[in-house]
Amino acid sequence: MPVGDVLAVAAVALGATAQRLTGLGFALVAAPFLVVLLGPRTGVTLANVLSIVLCLIVLASTFRHLHRRLAVALVGGAALAVPVGALVVRTLPTPALLIGVGTLTAGSVLWVVTGRALPLLRRRGGAVLAGIASGFCNTTAATGGPPLAVYAASTGWPQRAFVPSVQLVGLVSNTLSVVVKGTPAVSWPLVAACGVAMAAGLTGGQFLVHRVSDAHARRAMLLLALGGSLLAVAKGVTSL
């Protein structure tokens, strides 16, 4: 397996570990590295495909706590934004996409770090707005989680209901993204290796969940995500 594919598989394993430890983190960690290693279109779409599987796994075990009405509003907003995000992906040249994906992901990370609430999201229609932001970020950069995290922080959304609802939004948004953009142009051995890496990452995260504090896990996830984002921006700039 080429070195680039090996590094891509490692990024997937790290992302899955982050997802198990923090609830959100797979795409934030894995997507920027996949973008650098496989290109912005292929990397983001592969992250979308893998996220579908991950969302299904988490949703299956947390479905009973799903906030159905809120999830429907978020999914509706995400569905509206997916075609717009797909158009952006098809229109922009590769260097611009690398810079855009890296900047969008880095900005998402920094926004989550600040933990600032948006009063606008507490108003009627706030869930739809959050869904639109999530759907656009998910389609262009495979990072639809941060807008939902900001919505949760702004509205006091309980964590127990947040986790399954976010998985449903991610499941629908990622599926629509793949339908609109098409499947990633990667070899089946790489897809299989990523699947094994994701399972290994989830298992590793399960092992670490009671041994690593939430604060340390979250800090490590954000640092990895920020590093990958800046790497994508740097590659885009040097490709201009």
Side-chain angles (χ1 to χ4, degrees), residues 1-38 42-63 65 101 105-106 108-109 112-113 138 141-146 148-149 152 159-160 162-171 173-174 184 186-232:
M1 183 178 287
V3 174
D5 288 358
V6 172
L7 293 175
V9 170
V12 169
L14 281 173
T17 301
Q19 181 84 8
R20 179 61 189 88
L21 287 174
T22 66
L24 285 172
F26 172 73
L28 273 178
V29 173
F33 292 99
L34 292 176
V35 163
V36 170
L37 296 167
L38 303 176
T42 300
V44 168
T45 308
L46 179 58
N48 290 144
V49 171
L50 296 174
S51 292
I52 291 172
V53 179
L54 196 58
C55 287
L56 276 172
I57 293 172
V58 178
L59 180 60
S61 61
T62 60
F63 183 79
H65 300 301
V101 168
T105 307
S108 299
V109 170
V112 171
V113 168
N138 197 60
T143 54
L148 300 178
Q159 181 71 8
R160 177 175 288 190
F162 172 76
V163 172
S165 302
V166 166
Q167 306 313 309
L168 180 60
V169 176
L171 175 62
S173 182
N174 282 297
V186 294
S187 65
W188 282 110
L190 175 57
V191 173
C194 285
V196 172
M198 193 159 57
L202 288 171
T203 303
Q206 180 65 36
F207 175 78
L208 293 172
V209 71
H210 299 300
R211 294 169 174 81
V212 178
S213 70
D214 290 345
H216 286 155
R218 185 170 180 271
R219 190 177 301 118
M221 177 198 75
L222 293 173
L223 284 173
L224 278 171
L226 187 59
S229 302
L230 296 177
L231 186 62

Discussion item. Please report the interatomic distance CG(L38) to CG(L7), rounded to the nearest 0.5 Å.
Written reply: 10.0 Å

What I'd like to find out is whether the side chain of [X] reaches to under 4.5 Å of the side chain of [Y], using heavy atoms alone.
X    : Y    : value
L54  : L202 : yes
L231 : V35  : no
V44  : N138 : no
N174 : V49  : no

If you take all heavy atoms of [X] and [Y], which pair is closest and at what distance?
X    : Y    : answer
V12  : A197 : CG1-CB, 4.2 Å
L34  : A8   : CD2-CB, 3.6 Å
G201 : T17  : O-OG1, 3.1 Å
P164 : L59  : O-CD1, 3.5 Å
A141 : A31  : O-CB, 3.6 Å
A106 : S229 : N-OG, 3.5 Å

Worksheet entry | Among C55, C194, P184, the one residue meeting side-chain contact (heavy atoms from CB on, under 4.5 Å) with L50 | C194

Worksheet item: Do any N or O atoms from the side chain of S61 and from the backbone of V58 form a donor-acceptor pair under 3.5 angstrom?
Response: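 Between the backbone of V58 and the side chain of S61 there is a qualifying donor-acceptor contact (under 3.5 Å).
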
